Every structure is written in C-alpha cells, then in structure tokens.
Asker: 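Have a look at this one before I ask anything.
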Amino acid sequence: MNQPGVAAAAEHAAEGGRAGSGGGAGVASVADAVVELLRTVRRSKARLLAAASNDVDSAAQILLRAAAAEGPIRASALAASVQTDLSTVSRQTAALVTRGLLERQPDPVDGRACLLVVTTAGRAVIADHEQARTAFFEEVVSDWSPEERNQFAHLLERFTAAYDKTHTRWLTDAARQAAARAGHPEESSTA
C-alpha cells in the first residue's frame with residue numbers, strides 16, 4: 001500500500017493535521033498527547049516482551065481473544081477479524097497450536113477446512129492476561145475518581161472512533177488523489 005500520497009496522508013493524520021487546520025493549540029495538544037501515548041505504549045510493550053521470555057506476546061493475545069470471542073473460526077476469518085494478512089496469522093496460530101493454546105478441528109460445513117478453537121489452556125492464558133491488564137490499569141487510574149474514569153473512558157472511546165473514521169477517510173482520499181495523478185480516473189471516482 002505504498003501509494004504516493006497515502007503515506008503523506010497517514011503522516012499528516014498522525015501529526016494531528018496541525019498546519020492550517022484552524023484547530024489551534026487545543027488540537028496540537030491532543031496530537032502531541034497521542035504521539036506521547038503511542039511512544040509510551042511502544043516502550044512499555046518492549047519492556048513487557050523483554051520480561052515475558054516465553055509468555056504469550058500481545059499479537060498472540062489478540063488472536064486468542066478474537067478466536068475466543070468469534071470462534072470456532074477459520075484462519076482466514078481470524079485474519080480478517082484482526083486486520084492482519086493470512087500468512088502472519090497462519091504462522092502465529094501454528095505456534096499457538098503447538099503450545100496447546102489453540103486446536104484445529106474439522107469444519108462441519110466443509111470437511112476440507114479446519115476451525116481454530118481456543119483450548120482450556122488458551123482460555124486460562126486469556127484470563128490471566130485480563131486479570132493482569134485490569135490490575136495494571138487499576139493502578140494507573142488509582143487516584144482518579146469514578147467520574148473521571150467514566151469520563152475518560154467515554155472520551156477515549158469517542159476519540160478512537162473518530163480517529164479511525166477520519167484516518168480511513170484520509171487514506172481513501174489519498175488513494176483517490178494518487179489514482180487521479182496516475183491517470184486512473186475510474187479508481188479516483190470509485191475508491
């Protein structure tokens with residue numbers, strides 16, 4: 001997806017679209033806070049991975065949680081659910097099957113295919129991770145009032161939905177512009 005304009009649109013969106021956006025210092029502050037949050041999360045993930053040794057990494061946790069919520073599920077549907085390519089999901093699920101956290105079962109609709117099912121051990125890993133995650137965030141917001149927690153959760157959900165909607169639109173617009181510049185007007189009008 002390295003189309004001209006797409007990377008620039010994504011970068012502009014990540015930067016908060018400050019130049020000429022008319023949003024003022026408030027928007028710039030939000031953009032700066034989000035960038036700092038992302039940096040903090042990356043640092044935290046790196047420290048967790050270093051400390052985890054043989055623990056299930058975050059990508060595998062995402063797959064386990066999706067398979068538990070939506071399963072039994074085909075690998076292709078799981079890849080679509082977590083928005084990752086099938087080859088990556090296949091490699092990750094193979095490791096989870098080897099570790100006994102997922103198992104493959106025949107698809108009752110199509111015997112040639114298999115479904116991924118979370119095992120009892122996989123559910124225990126999910127539960128342990130959920131408990132640790134809850135304890136971590138309880139500590140993060142320990143000095144916040146219940147009202148502050150609720151307000152933050154509401155605003156963060158609202159921000160995340162708006163961010164995703166805007167980012168998708170920006171990428172679509174950038175792809176249209178790139179198609180128009182490349183002389184493919186049919187793509188620019190239907191993208």
Side-chain angles (χ1 to χ4, degrees), residues 1-2 5-70 78-85 87-89 91-93 95-96 99 101 118 122-174:
M1 188 149 118
N2 289 335
V6 174
E11 183 177 321
H12 184 71
E15 291 293 319
R18 283 180 256 192
S21 67
V27 172
S29 294
V30 169
D32 290 343
V34 169
V35 168
E36 186 55 34
L37 174 61
L38 293 173
R39 285 183 188 136
T40 301
V41 168
R42 274 194 298 273
R43 281 192 309 265
S44 297
K45 282 180 73 173
R47 288 190 299 255
L48 284 172
L49 285 175
S53 64
N54 68 349
D55 197 9
V56 177
D57 67 22
S58 62
Q61 276 291 343
I62 291 168
L63 289 179
L64 279 175
R65 291 173 66 90
E70 300 175 33
L78 184 58
S81 174
V82 298
Q83 300 177 357
T84 302
D85 63 279
S87 63
T88 300
V89 167
R91 191 172 54 255
Q92 292 171 327
T93 57
L96 292 171
R99 292 188 57 192
L101 304 178
V118 179
R123 291 192 185 282
V125 166
I126 293 169
D128 287 348
H129 182 262
E130 182 68 24
Q131 184 178 14
R133 185 178 75 155
T134 300
F136 176 81
F137 281 103
E138 281 178 353
E139 188 172 332
V140 169
V141 297
S142 65
D143 60 345
W144 295 22
S145 71
E147 294 79 20
E148 288 172 319
R149 291 177 188 187
N150 289 335
Q151 182 181 22
F152 179 73
H154 171 73
L155 291 173
L156 188 57
E157 288 169 1
R158 185 173 157 199
F159 174 84
T160 301
Y163 182 97
D164 188 45
K165 180 180 177 182
T166 302
H167 189 261
T168 300
R169 183 177 46 78
W170 276 49
L171 289 176
T172 301
D173 291 349

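Start at 1 with the first residue, then count along the sequence. All of these numbers come straight from a predicted model, not from anything done at the bench.
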Asker: In the structure I gave you, are the side-chain heavy atoms of Val34 and Phe159 within less than 4.5 Å of one another anywhere?
Answerer: yes
Asker: Between CG of Leu156 and CZ of Arg149, what distance do you get to the nearest 0.5 Å?
Answerer: 15.0 Å
Asker: Identify the heavy atoms of Ala68 and Val118 that sit nearest to each other, and give their distance.
Answerer: N-CG2, 3.5 Å
Asker: Can you check whether Arg158 reaches Leu155 side chain to side chain, under 4.5 Å on heavy atoms?
Answerer: yes
Asker: Is it the case that more than 12 heavy atoms not belonging to Glu130 sit under 6.0 Å from its CD atom?
Answerer: yes
Asker: Measure the CG-CG distance between Leu78 and Leu64 for me, rounded to the nearest 0.5 Å.
Answerer: 9.0 Å
Asker: Atom OG of Ser145 and atom CD of Gln151: how far apart are they, to the nearest 0.5 Å?
Answerer: 8.5 Å
Asker: For the OG1 atom of Thr88 and the CG atom of Leu63, what is their distance to the nearest 0.5 Å?
Answerer: 9.5 Å
Asker: Quick check for you: to the nearest 0.5 Å, what is the distance between His129 atom NE2 and Thr134 atom OG1?
Answerer: 9.5 Å
Asker: Checking Arg169 against Thr172 for the side chain to side chain donor-acceptor pair (under 3.5 Å) test, could you report, in this order, the C-alpha distance in whole Å, the side-chain angles of both residues, the deciding distance, and whether it holds?
Answerer: CA-CA 5 Å; Arg169 183 177 46 78; Thr172 301; over 6 Å; no
Asker: Taking the side chain as every heavy atom from C-beta outward, state whether Phe137 and Arg133 have any pair of such atoms under 4.5 Å apart.
Answerer: yes
Asker: Determine whether more than 12 heavy atoms belonging to other residues, nucleotides or ligands lie under 6.0 Å from atom CD of Glu139.
Answerer: no
Asker: Which value, rounded to the nearest 0.5 Å, describes the distance between Arg39 atom CZ and Arg42 atom CZ?
Answerer: 7.5 Å
